[in-house]
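The chain is numbered in sequence order, starting from 1.
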Amino acid sequence: MSSAALSSVTGAVAGGSGFREYVNHPGYEVVAYVDGGFEPPPSDWIPVLDKAAGVPFGRYANSSAEQVHRAVTAARRAQPDWAATSSTTRQAVLREFARQLEIRHDELIALIIRETGGTAEKAEEELGQSVTQLLNSATQLTENAGDILPPYKPGKISLSRAVPLGVIGLIVPWNYPMSLAMRALAPGLAYGNAVVLKPAELTPIAGGQVLAEAAHAAGVPAGVFSVVPGDGQGTGQALVRHPSVDLVHFTGSGEVGRQIAAIAAASMRPAQLELGGDNAFVVLEDADIDRAASCAVWSSLWYQGQTCITTGRHIVLRGAAQAFTEAVADRVSRLRVGDPLREDVDLGPVITERQLARFHDGMVAPSVAAGARVATGGTRDGLFYAPTVLTDVTPDMPVFTEEIFGPVMPITVVDTEDEALALVNRHHSMMNSIFTGDHMRGLALASRLASNEVHVNDGYARHGGEGQQRAFTRRQWIGVQTTDVPYPAWAESRSPG
Ligand code: NAD
């Protein structure tokens, strides 16, 4: 691609008044990074769009099955040596990887805004999480790497040690392309694995090319990390089905997750799946309505509602319903939707027409036809969807039963706490919130919710932390018999008589 063709587009987008000032990039080219080298594309270029402007600002090509094969083979070859490096070497490489991202801060913020359609706040969060994850993994890799097991035989010393899984095939979605890749890439590398990453088609720059460039500059050895941009059906399937991949780590939709789990099960290999959820926000009648409304708006509309922990259902006790609905609708009606490169914008575009049609035509419209009322929003201008509050939502409507993944806040009124509890637990959810003026009441209700995460008077999630060693290593038991012990007579090599 001639960079001139793209730079004029870049200039036009960032040129007007009211736009943030960032380093302009002349246009990105995404190629496969295999065994330490950037490779010419084997197929036609596909544009990467600036999601708000709708114009190309980069391009990528689908990696072939042959490139995936070479990436996995290189990973298999390089992984044992990488695992055998000293922890200080791996720490230094991971810290330099973080620094390589940090020194491109302004450029990467603009890139993430344009490639994902999120605001600068969202881009800062994503880049910040990515850098922090690298630094945390660099620290965690020196933590305890095993246990001494209780002796079960006299004279036997047994230890259980964490060893790398081997080659990780990593597949990520478009919403947080850099940080969702990093949450497996950084601990994966830290604990001595090799990683082959397939970024999402919509975000191969922040989710792939930039990571390859930073890792390369940081001195990650050839083969230890490769990137194969491409689609799910071709490139993704080639990675998932490759027999030398020891673990598939997948973040994305339940539908694709199910296919990947079936492929992994058929070849007796593990898969780690991070899927979606239909998360709920419960407001009890004694809640501080102002705080609840602000948190609800944030939890539902952050990044246009396109995260796996987005609140998709608001379940409100009748005594709080009117005040909560008014407070939420008031806040939402004042939000400004537009190009997130502008300073005066709160919400950017929905990622694609397909995604917008999925939730608007497939969920909002049929719910309204079934009796839900639009308190505010419900309109669109291209991919810019007015944030929407729906009232009179009943639990059988699509906006209640499905993961919306868009800027829509359905409100359902119930009469009792038990009714609220039953509705929350009826669906699979990742994170739920409860708002109440009584912390102990919140704690009691939280302990009856089935989700892995519940927040009383807040909505929050994090990734990383102490579970990562278990996720990216396996345990090996080594026993050393230090004394002579008898075996059954029939097994001893004594000749009879
Ligand atoms: P998606 O499942 O369509 O795609 C995710 C990734 O899988 C992409 O890289 C895609 O190319 C690849 N893929 C698609 N089909 C494939 C196949 N047959 N074989 C191999 N790879 C394939 O999901 P999406 O639309 O990009 O993301 C939205 C979904 O992700 C939502 O459901 C959301 O809840 C979920 N999500 C979950 C988390 C989490 O941490 N649990 C985080 C973000 C998003």
Side-chain angles (χ1 to χ4, degrees), residues 48-52 54 111-127 129 171-181 183 199-207 232 250-257 274-281 296-314 332 335-341 345-364 377-378 380-390 398-399 402-410 429-431 459-461 463:
V48 182
L49 299 184
D50 174 320
K51 304 302 182 289
L111 162 65
I112 296 170
I113 293 173
R114 302 178 68 181
E115 200 179 23
T116 70
T119 57
E121 218 182 338
K122 185 258 183 194
E124 292 281 3
E125 181 195 43
E126 177 157 13
L127 181 58
Q129 279 176 351
I171 298 185
V172 290
W174 47 262
N175 58 349
Y176 275 79
M178 185 180 281
S179 56
L180 289 178
R183 95 174 145 182
E201 301 88 314
L202 293 167
T203 51
I205 309 171
F250 170 81
T251 303
S253 62
E255 193 188 333
V256 177
E274 302 279 352
L275 308 175
D278 196 3
N279 309 303
F281 192 101
V297 170
W298 171 61
S299 305
S300 278
L301 301 181
W302 174 260
Y303 186 41
Q304 293 86 262
Q306 301 174 121
T307 83
C308 58
I309 53 159
T310 293
T311 295
R313 305 176 286 149
H314 299 264
V332 173
L335 296 176
R336 302 158 302 178
V337 183
D339 186 334
L341 273 178
V345 157
D346 302 308
L347 265 64
V350 170
I351 192 83
T352 55
E353 181 61 42
R354 188 163 154 263
Q355 197 67 18
L356 195 149
R358 198 186 131 270
F359 73 75
H360 181 77
D361 303 344
M363 298 173 208
V364 174
R380 61 176 291 189
D381 175 8
L383 291 180
F384 298 100
Y385 192 84
T388 299
V389 178
L390 295 177
V399 284
E402 315 259 328
E403 183 190 30
I404 300 172
F405 227 63
V408 180
M409 303 179 66
S429 51
M430 303 182 67
M431 186 193 80
Y460 183 71
H463 50 76

Shortest non-hydrogen separation from [X] to [Y] and the atoms involved:
X: Pro407; Y: Leu347; answer: CB-CD2, 4.2 Å
X: Ile404; Y: Met363; answer: CA-SD, 3.8 Å
X: Ala181; Y: Gly207; answer: CB-O, 4.4 Å
X: Pro340; Y: Pro349; answer: CD-CD, 3.9 Å
X: Trp174; Y: Leu202; answer: CD1-CD1, 3.7 Å

* Asked: What pairs of residues pass the salt bridge (charged side-chain N to carboxylate O under 4.0 Å, His left out) test when at least one of them lies in residues 345-359, not counting sequence neighbours?
  ->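 For residues 345-359: Arg336-Asp346, Glu353-Arg380.
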[X] (side chain) donor-acceptor with [Y] (main chain) under 3.5 angstrom:
X: Thr388; Y: Val408; answer: no
X: Asp339; Y: Ala52; answer: no
X: Glu274; Y: Leu180; answer: no
X: Lys51; Y: Arg114; answer: no

Just to verify, what does [X] make a side chain to side chain contact (heavy atoms under 4.5 Å, CB included) with, not counting sequence neighbours?
X: Leu275; value: Phe250, Leu273
X: Glu403; value: Phe405
X: Val297; value: Leu301, Val328, Arg331, Val332, Leu335, Met409
X: Ala123; value: Ile109, Ile112, Ile113

For [X], what residues pass the side-chain hydrogen bond (donor to acceptor under 3.5 Å, both in side chains) criterion, not counting sequence neighbours?
X: Tyr385; value: His360
X: Ser429; value: Asn432
X: Thr310; value: Thr307
X: Ser300; value: His314

* What's the verdict on side-chain contact (heavy atoms from CB on, under 4.5 Å) for Tyr176 and Thr203, showing C-alpha distance, side-chain angles and the deciding distance? -> CA-CA 9 Å; Tyr176 275 79; Thr203 51; over 6 Å; no
* **Matching residue for Pro177 among Thr116, Ile205, Val172 - test: side chain to side chain contact (heavy atoms under 4.5 Å, CB included)** =>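 Among the candidates, only Thr116 passes.
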* Checking side-chain contact (heavy atoms from CB on, under 4.5 Å) for the pair Glu125/Trp302: CA distance, chi angles, key distance, verdict? -> CA-CA 11 Å; Glu125 181 195 43; Trp302 174 260; 3.3 Å; yes
* **Residues that Glu126 engages under salt bridge (charged side-chain N to carboxylate O under 4.0 Å, His left out), provided they are two or more places apart** =>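 Counting only residues at least two positions away or on another chain, Glu126 forms a salt bridge (charged side-chain N to carboxylate O under 4.0 Å, His left out) with Lys122.
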